[in-house]
Protein chains: 2
Amino acid sequence: MDCKQIYEDKMESRGIKPTAVRVLVLKTLMSADNAMSMTDIENVLPTLEKSSVFRALNLFLEHKLVHSIDDGTGALKYAVCSDNCECTLEKEHIHFYCNKCGKTFCFIGLHIPVTVLPKGFVSSSANFVFKGVCSNCNK
Amino acid sequence: MDCKQIYEDKMESRGIKPTAVRVLVLKTLMSADNAMSMTDIENVLPTLEKSSVFRALNLFLEHKLVHSIDDGTGALKYAVCSDNCECTLEKEHIHFYCNKCGKTFCFIGLHIPVTVLPKGFVSSSANFVFKGVCSNCNK
DNA sequence: CTTATAGTGCAACCAAGTTGCAAATATGAG
DNA sequence: CTCATATTTGCAACTTGGTTGCACTATAAG
């Protein structure tokens, strides 16, 4: 069964009104095993308008339901945050972009390492992505 | 004095023929204390064509005379590599993007930390950027 | 039911990056 | 030096990702 309740709950726990478009976008993101770009989502959901997906994703970002990863492909990718994640620097994780299949993965266990920055520099967020070949393409 | 010899030498040591355009682009990059985007360079050198700058930068990249940083602003930034750098993962460094002034800095002393990746994942390069406020904007 | 509010689709737009092509410049053999 | 060849450059056109204004639709409250 295709219980959309869980998507609605997830949104409501973040203070987002679950509309039809948003349920579809969230469902798509949650059913993927890797981060997706706006175009990826549009391809899975061709009935939706680019701008609607865009607005849904930005709303999700603001409410920290998803986080975005800049993997260097030119298109931002999006992945669902873990429950209760507040996207603080300590909670952020490292990502991995596969040069072969083009997929981007969240390494939720690998946090941004604590780093001593030069005097005067204060960081509040990070975008750390390794590039190489993923486990699937290495077979 | 404005000795272009050093730029030519730098290019030749990387096997690049030093043309007028290339000398200008390299000089601009080397005289900045932060990484520059294509648009930044065009603004400093308004006589040059966008595509010429583009091609010079790509040539520099291929020959590892410069490296590029994706700081999440939507425009790639470029910075000159240290001499003899071969841009291997071990030699790459962390970058810092200032949310206030928009500048991106190389932390050449801060290397990509050695990281144990999930089984099967093999990385060959990385793009690590911290975001926050730089020492200059923190005054 | 009526009205205010929020959400959506569409079209137009912008910025960054990229390409094809022709003019200009540099190179090199004779 | 001269001509043929190869390289570089400038220009214009185009692609893609992202973004916005606006009118239409759906929803929610009174």
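In what follows, chains are A, B, ... by sequence order, proteins preceding strands, each numbered from 1.
The distance from atom CD of Glu42(A) to atom P of dT8(C) is 15 Å, rounded to the nearest whole Å. Atom CG in Leu45(B) sits roughly 11 Å away from atom P in dG10(D) (whole-Å rounding). Between Leu26(A) atom CG and dG7(C) atom P there is a gap of 16 Å when expressed in whole angstrom units. When the P atom of dG10(D) is taken as reference, atom CZ of Arg22(B) falls 12 Å away, rounded to whole Å. The CD1 atom of Ile41(A) sits 14 Å away from the P atom of dT8(C) (whole-angstrom rounding). One interatomic measurement links the two molecules: CD1 of Ile16(B) to P of dA26(C), which rounds to 18 Å at whole-angstrom precision. Atom NZ of Lys17(B) and atom C1' of dT8(D) are 7 Å apart (whole Å). Spacing between atom CD of Glu49(A) and atom P of dT25(D) amounts to 15 Å, rounded to whole angstrom units.
Looking at Asn138(B) and Ser135(B), their side chains never bring a donor and an acceptor atom within 3.5 Å of each other.
Distance alone, capped at 3.5 Å, is enough to place a donor-acceptor pair between the His111(B) side chain and the Glu90(B) backbone. Counting only distance, with no hydrogens or angles, the side chain of Asp40(A) and the backbone of Ser37(A) share a donor-acceptor pair below 3.5 Å.
Ring-plane geometry between Phe128(B) and Phe130(A) is classed as perpendicular, the angle between the planes exceeding 60 degrees on a 0 to 90 degree scale with a lower cut at 30.
Proximity of Thr19(A) to the phosphate of dG7(C): no side-chain N or O atom is located under 4.0 Å from OP1 or OP2.
Shown here is Ile108(B), whose CD1 atom has no more than 12 heavy atoms of other residues, nucleotides or ligands within 6.0 Å. For Lys131(A), the NZ atom counts as densely surrounded, since its 6.0 Å shell holds more than 12 non-hydrogen atoms of other residues, nucleotides or ligands.
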Once each nucleotide of nucleotides 16-23 of chain C is scored for protein heavy atoms under 4.0 Å, what B/S/- sequence comes out, 5' to 3'? SBBBB---
